[in-house]
Amino acid sequence: MNILRLLDKLSHDKFFTTEASRLETITNLSLFGKKAAIAAVPLGLGTLMATPAKAETTNASITGTALKSTLTDALQLALVLEYLENEYYAIGLSTLGLIPNSDRTVFMQISKHESAHVNFLKSTLTSLGETPGNKPVFDFTASGNFSPFTDYNQFLILAQAFEDTGVRAYKGQAGNVMSNKAVLQAALQIHSVEARHASQVRRMRANKGWIELANGGNMPSATNPVYAGEDNLTQAGYNTGTTFGAAAGSAAYDEILSGSDAQAIASLFIV
């Protein structure tokens, strides 16, 4: 199966030394029927729901399939991103001399989290009658543009980029998984953990734990797509920069990343 074409240091160190296991308790997910093709995911479900009563049975079936497809497509996208992060940290930790001893505990724990996320997503897709996509072949040099496993600074740069991408991507898919409350709850739990990862790695690079405007914080221009749109100041019609200024206003609200944008970013690292 070819899926989606890819695609402040924390105040308590305990988070990185005690393995989180909440996701392992979410195991009973009962849901829908067969998956529709990824290319057929509809955006106008309201149209289907508003059709005449005489077609109710047929349209209910179509709508159920559409919701199922939207849900599983979102999970497949999340799985690709988790595959990417999981393999990245596994390689980094196995590369002798790359990660300083003082930082290994952090990345060992983050690696455990990413592995747990992969296992959860695969298990959930299977429970939905969906075959989890195979792990892509990754090229973390992005065709020779990075050297993350020989240069620790570059390792941290990509770690930040991957985590910041994951945080925004999970937010962007929230609406696509809300048809199932158990999956939505798990996705929100994963999202908050990814946000903690992002904040931790950002601070390890002497950056702020949050994003101001569209500035990733001492990041190469190749990572600009990760932060595109983060300079938005308008939330529900309110200009958030009015009271505290543009930087603080933008930082107070993280922006989503669309599925297509997340795929485009991840595809740079997929052979």
Side-chain angles (χ1 to χ4, degrees), residues 1-7 35-43 69-89 91-92 114 117-118 121 125 130 132-149 154-177 187 190-191 194-195 197-198 201-202 205 207 211-232 250 253-271:
M1 175 181 174
N2 186 1
I3 58 170
L4 289 177
R5 296 292 187 271
L6 298 139
L7 224 317
K35 177 183 182 292
I38 288 173
V41 176
L43 299 179
S69 178
T70 300
L71 172 66
T72 56
D73 288 348
L75 293 174
Q76 294 281 22
L77 172 60
L79 180 58
V80 170
L81 295 175
E82 296 293 355
Y83 275 145
L84 182 148
E85 291 179 322
N86 187 42
E87 182 161 321
Y88 184 71
Y89 293 124
I91 294 175
E114 307 300 2
H117 296 168
V118 168
L121 290 166
L125 283 162
E130 177 79 3
N134 294 324
K135 182 174 70 173
V137 176
F138 295 111
D139 171 17
F140 293 108
T141 73
S143 300
N145 290 300
F146 295 97
S147 302
F149 303 124
Q154 290 197 28
F155 178 82
L156 288 175
I157 286 173
L158 286 189
Q160 178 184 316
F162 294 154
E163 296 295 347
D164 283 339
T165 296
V167 172
R168 296 187 66 189
Y170 269 99
K171 274 199 298 291
Q173 294 304 308
N176 293 331
V177 301
I190 293 175
H191 166 261
E194 295 291 345
H197 293 173
V201 174
R202 292 175 64 83
R205 297 190 62 246
N207 283 330
I211 301 169
E212 292 181 344
L213 300 174
N215 184 358
N218 194 27
M219 294 286 277
S221 59
T223 66
N224 285 350
V226 176
Y227 304 101
E230 286 284 10
D231 52 354
N232 176 45
S250 67
Y253 296 86
D254 236 1
E255 299 298 316
I256 68 168
L257 197 65
S258 71
S260 59
D261 286 341
Q263 293 171 39
I265 292 168
S267 68
L268 297 174
F269 302 93
I270 294 177
V271 176

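Numbers for residues simply follow the sequence, beginning at 1.
- Within the 4.5 Å cutoff, the side chain of Leu84 has heavy atoms near those of the Phe140 side chain.
- Side-chain atoms of Leu257 and Thr165, non-hydrogen and from C-beta on, do get closer than 4.5 Å to each other.
- Proximity of Glu230 to Glu212: side-chain heavy atoms (C-beta onward) are nowhere separated by under 4.5 Å.
- Heavy-atom minimum distance, Glu82 versus Leu121: CG-CD1, 3.6 Å.
- No donor-acceptor distance shorter than 3.5 angstrom exists from the side chain of Ser250 to the backbone of Asp231, with no hydrogens or angles considered.
- The closest side-chain heavy-atom distance from Pro220 to Phe146 is below 4.5 Å.
- The shortest non-hydrogen separation linking Tyr170 to Ala187 is CD2-O, 3.9 Å.
- Between Arg168 and Glu255 no salt bridge is recorded (no basic side-chain N to carboxylate O distance below 4.0 Å).
- A side-chain donor-acceptor contact under 3.5 Å links Gln154 to the backbone of Ser147.
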Side chain to side chain contact (heavy atoms under 4.5 Å, CB included), that's the test. Do Phe269 and Leu158 meet it? Break it down for me.
CA-CA 11 Å; Phe269 302 93; Leu158 286 189; 3.9 Å; yes

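- Checked options Val177, Leu75, Asn176; the residue passing with Thr70 is Asn176 (criterion: side-chain contact (heavy atoms from CB on, under 4.5 Å)).
- Checked by atom type and distance alone, the side chain of Ser258 pairs as donor or acceptor with a backbone atom of Asp261 at under 3.5 Å.
- Rounding to the nearest 0.5 angstrom, the gap separating the OG1 atom in Thr72 from the CG atom in Leu79 is 12.0 Å.
- Glu114 places a side-chain heavy atom less than 4.5 Å from the side chain of Glu163.
- The shortest distance between side-chain heavy atoms of His197 and Glu85 does not fall below 4.5 Å.
- At a cut-off of 3.5 Å, with distance as the only test, a side-chain donor of Asp164 or Tyr227 sits close to an acceptor on the other residue.
- With rounding to the nearest 0.5 angstrom, the CD1 atom of Ile256 is 8.5 Å from the CD atom of Gln173.
- Judged by distance alone, the side chain of Arg205 and the main-chain N or O of Met219 form no donor-acceptor pair under 3.5 Å.
- Counting heavy atoms from C-beta outward, Val271 and Pro136 have side chains that stay 4.5 Å or more apart.
- In this structure, Val167 and Ala198 approach most closely via the heavy-atom pair CG2-CB, 4.1 Å.
- Between Asp254 and Lys171, at least one side-chain nitrogen of the basic residue sits less than 4.0 Å from a carboxylate oxygen of the acidic one, meeting the salt-bridge criterion.
- Of all non-hydrogen atoms in Ile211 and Asn215, the two that sit nearest each other are CG2-O, 3.8 Å.
- Between Leu77 and Gly259, the shortest heavy-atom distance links the atoms CD2-CA, 3.7 Å.
- Residues Ile270 and Val137 form no side-chain contact, since every pair of their non-hydrogen atoms from C-beta on lies 4.5 Å or further apart.
- Minimum interatomic distance between Pro148 and Phe155 (heavy atoms only, all atoms of both residues): O-CB, 3.1 Å.
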Are Tyr88 and Phe149 close enough, and set up right, to give a ring pair (Phe, Tyr, Trp, His ring centres under 6.0 Å), and what steps lead you there?
CA-CA 9 Å; Tyr88 184 71; Phe149 303 124; 5.5 Å; yes

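- For the 3.5 Å distance criterion, the side chains of Asn224 and Ser221 fail to qualify, holding no donor opposite an acceptor.
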Could you go through His117 and Glu194, starting from their C-alpha distance and side-chain angles, then the distance that decides it, and tell me whether this counts as side-chain hydrogen bond (donor to acceptor under 3.5 Å, both in side chains)?
CA-CA 10 Å; His117 296 168; Glu194 295 291 345; 3.1 Å; yes

